[in-house]
Amino acid sequence: MSDPILLDVHDGLARLRLNRPERLNAFNQDLAEAFAETAVEVTSRDDVGAVLIDAAGPAFCAGGDVMDMAGQMRTGSELEALAGVINSGLSALVTSAVPVVAAAHGTTAGGGLGVLLSSDYAVVGADSRIGSLYANIGLTPDLTVTAQLARAVGERRALQLVLQDRLLSAEEALAWGLVAEIVPAAENSDAAGLANAVRARAEEVARFWLAGAHEAYGQAKRLVRSASGTTFADQLDDEARTIGAMFDTDDARARVAAFARAAARKSG
């Protein structure tokens, strides 16, 4: 039996791969527990400066494993507990000061939308489709979808997505602000080739953060993510404290000095 999550940490990048391709990476108990444990781990490690979430097989994540629900679960409290496990991992991703990029190839639906929303930068393929689809099986959104979707795309668009069985095209998802980039299909490329291209572009994004002031990127992510839960005055105080703390780092001092030298050369 394959591990439900594959983790590789190298040169500051933690790659977290959903690995239930035969079930379109839908969450069952094993994947839920492995995902939560791994997300908490990578966002707390000192040797991780960026996280990349991708997936094996033809789809990013189909949400919850409906076949598993039908065959294994007897009560709603079991499903509630499963959601709570996954939420602990999503919360770690969202609240950490580590930037997260998602390589969401193929279809993303249900709780998979929550995983995508919990990334800070989402890359998809030209053939990607993204939707909610909870009501198709009589369930309501979970895994941060109602907590994050309206903030990402606006309340009216969020309602369109959760009140219809609609799958957004990649172009629609980009226009709505749900994703950051679309990777086009290369000539003669198949779905697997496009998925690999999406993963490669997502890694480029992560490597850009790591090659730059990754700690500052991470703190900028934290400030933006935390703003909705704090008062305006407290947010301004947090901004001031954070920029002061960043200025005291060796990295920032070197970058500020280099910028000043370059500006002086141009003006001279």
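Keep in mind that this is a model prediction, so the values were computed, not measured.
Salt-bridge formation is detected for the pair Arg207/Glu203: a Lys NZ or Arg NE/NH1/NH2 atom is positioned less than 4.0 Å from an Asp or Glu carboxylate oxygen. Between Arg23 and Asp65, at least one side-chain N (NZ, or NE/NH1/NH2) sits under 4.0 Å from a carboxylate O, which counts as a salt bridge. With salt bridges taken as basic N to acidic carboxylate O contacts below 4.0 Å, none links Asp30 and Arg20. For the pair Glu172 and Arg166, the salt-bridge criterion is met [side-chain N within less than 4.0 Å of a carboxylate O]. Between Arg222 and Asp238 there is a salt bridge, since at least one side-chain N of the basic residue sits less than 4.0 Å from a carboxylate O of the acidic one. Here Arg45 pairs with Glu41 in a salt bridge; the nearest charged N to carboxylate O distance falls below 4.0 Å.
Checking side-chain atoms of Ser267 against main-chain N and O of Ala263 turns up a donor-acceptor pair under 3.5 Å. Although no hydrogens or angles enter the test, the distance criterion places a donor-acceptor pair under 3.5 Å between the side chain of Tyr134 and the main chain of Gly111. The backbone N or O of Val100 sits less than 3.5 Å from a side-chain atom of Asp120, completing a donor-acceptor pair. Remark: the backbone N or O of Ala62 is not paired with any side-chain donor or acceptor of Asn25 at under 3.5 angstrom.
Heavy atoms from other residues, nucleotides or ligands lying under 6.0 Å from CD of Glu80 number 12 at most. Within 6.0 Å of CG in Leu236 there are more than 12 heavy atoms belonging to other residues, nucleotides or ligands. Counting heavy-atom neighbours within 6.0 Å of Asp8 CG, excluding the residue itself, gives a total above 12.
In plain terms, the two heavy atoms of Ala185 and Ala126 that are nearest each other are N-CB, 4.0 Å. Heavy atoms only, all atoms of each residue included: Ala92 and Ala39 are closest at CB-O, 4.1 Å. Closest of all the heavy-atom pairs between His105 and Ala195 is CD2-CB, 3.5 Å. Taking both residues in full, the closest heavy atoms of Cys61 and Leu18 are given as CB-CD1, 3.9 Å, listed atom of the first, atom of the second, then distance.
With 3.5 Å as the limit, one finds no donor-acceptor pair spanning the side chains of Gln219 and Glu215.
Between Gln160 atom CD and Ser132 atom OG the span is 12.5 Å, to the nearest 0.5 Å. Expressed to the nearest 0.5 Å, how far CZ of Arg225 lies from CZ of Arg151 amounts to 7.0 Å. Between the OG1 atom in Thr107 and the CG atom in Asp127 there is a gap of 8.0 Å [rounded to 0.5 Å]. Atom OG1 in Thr144 sits 9.0 Å away from atom CG in Leu149 (nearest 0.5 Å). To the nearest 0.5 Å, atom CG of residue Asp3 and atom CG of residue Leu31 are 11.0 Å apart. Here the NE2-CZ distance, from His10 to Arg15, works out to 11.0 Å after rounding to the nearest 0.5 Å.
Judged as a ring pair (Phe, Tyr, Trp, His ring centres under 6.0 Å), and not counting sequence neighbours, the contacts of Phe27 are Phe35.
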Query - CA sep, side-chain torsions, deciding dist, call: Leu133, Leu167, side chain to side chain contact (heavy atoms under 4.5 Å, CB included) - result: CA-CA 8 Å; Leu133 306 185; Leu167 284 171; 4.0 Å; yes

Query raised in the report: How far apart are the C-alpha atoms of Gln235 and Glu239, what are their side-chain angles, what is the distance that settles it, and do they pass the side chain to side chain donor-acceptor pair (under 3.5 Å) test?
Result: CA-CA 6 Å; Gln235 185 69 12; Glu239 286 183 351; 4.6 Å; no

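Other members of the hydrophobic cluster containing Val123, listed by chain and number, are Leu13, Leu52, Val101, Tyr121, Val183, Leu194, Val198, Val205, Phe208, Trp209, Leu210, Tyr217; membership follows side-chain contacts under 4.5 Å among ILVMFWY residues, whether direct or relayed. The hydrophobic cluster of Leu6 has no other members, since no ILVMFWY side-chain heavy atom comes under 4.5 Å of it.
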